[in-house]
Amino acid sequence: DSLPIRKETWFWNLFTTSLTVYLVPCLLAMGAELAIVYGFGFGTKETAYYMLWNFITMFGTFLVGWTTTALAMTMTGHPIIAFLGVGVFSCYIPLVIAWLFPVYAGKFFDTYVDNGISEAYYYFSPATLTYKATYYHYDIWKLKDHWTYVLGCFIFAIVIGLITYLLFR
């Protein structure tokens, strides 16, 4: 006879196992990189600072992807349909709202003005949010240019994680 396991316990077990599978190798690799860089005498405070922010950014993008996939899997229950669901969750808002709407509105309404509102749409999609958090152009990645997107990754992951948890129950 087996003892019944509550769905909440099962959810937190899956969540912590997934985080462990990601975090342990990532932290070990980061520790090895720091040891090698400092061992050869090239380490500075900036090196540790950028590695820390790189880790935080990559962890945020992992959480966004994991929670989006978990939500799709919880809603559908089938791996192939969940894979398609992740594609819909990732691409629907950027394709339809952020890119398609301004084009149509600009063609149909002579008075249409964007006023930067389309920038807010980046926060509603895991694909565009992680892209904006990690992308840099012709320069080194700087936190001051991306911190709102990194914070958005964590907020997005928390909200989607809570929705997934409530659906899982």
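What you see is a predicted model, and the numbers here were worked out from it, not measured in a lab.
- At a threshold of 4.5 Å between side-chain heavy atoms, the hydrophobic network of Ile, Leu, Val, Met, Phe, Trp and Tyr places Leu52 and Tyr50 in one connected group.
- A 6.0 Å sphere centred on CE of Met51 holds more than 12 heavy atoms belonging to other residues, nucleotides or ligands.
- With contacts defined as side-chain heavy-atom distances shorter than 4.5 Å, the pair Cys26/Met58 does not qualify.
- With hydrogens and angles disregarded, a donor-acceptor distance shorter than 3.5 Å links the side chain of Thr67 to the backbone of Val64.
- Distance check: Ile160 CD1 to Thr74 OG1 gives 11.0 Å after rounding to the nearest 0.5 Å.
- Leu84 has its side chain out of reach of Thr76: every pair of non-hydrogen atoms, C-beta onward, lies at least 4.5 Å apart.
- Under the side chain to side chain donor-acceptor pair (under 3.5 Å) criterion, the residue pairs touching residues 34-46 are Thr44-Glu46, Thr44-Thr47, with sequence neighbours excluded.
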Practice prompt. Would you please test Val86 and Leu71 for side chain to side chain contact (heavy atoms under 4.5 Å, CB included) and show each step?
Written response: CA-CA 8 Å; Val86 169; Leu71 177 63; over 6 Å; no

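- Connection of Ile36 to Met30 is not established within any shared hydrophobic cluster, with ILVMFWY side chains joined at heavy-atom distances below 4.5 Å, either directly or through further cluster members.
- When all heavy atoms of Gly85 and Ala72 are compared, the pair lying nearest together is C-CB, 4.3 Å.
- Residues Ala82 and Met73 come closest through the heavy atom pair CB-SD, 3.6 Å.
- Follow the hydrophobic side-chain contacts under 4.5 Å out from Phe156 and you reach Leu167 in the same cluster.
- Neither Val37 nor Leu27 shares a network with the other; the hydrophobic side chains, linked directly or stepwise wherever heavy atoms of I, L, V, M, F, W or Y lie under 4.5 Å apart, form separate groups for each.
- In this structure the side chain of Thr69 never reaches within 4.5 angstrom of the side chain of Phe83, judged on heavy atoms.
- Checked against side-chain contact (heavy atoms from CB on, under 4.5 Å), Thr9 has the following partners two or more places apart in sequence or in another chain: Ile5, Arg6.
- Here ring-ring contact (aromatic ring centres under 6.0 Å, His included) pairs that include residues 4-28, with residues two or more places apart or in two chains, are Trp10-Phe168, Phe11-Tyr165, Phe11-Phe168, Trp12-Phe15, Trp12-Tyr165, Phe15-Trp66, Tyr22-Phe62.
- Taking CD1 of Ile163 as the reference point, atom CD1 of Ile158 lies at 12.5 Å (rounded to 0.5 Å).
- By the rule that hydrophobic residues join a cluster once side-chain heavy atoms approach within less than 4.5 Å of another member, Leu14 and Leu166 end up as members of one cluster.
- With a 6.0 Å radius and a threshold of 12 heavy atoms from other residues, nucleotides or ligands, Leu28 has its CG atom above the threshold.
- One distance of note links CG of Leu63 with CZ of Phe154; it measures 6.0 Å at 0.5 Å rounding.
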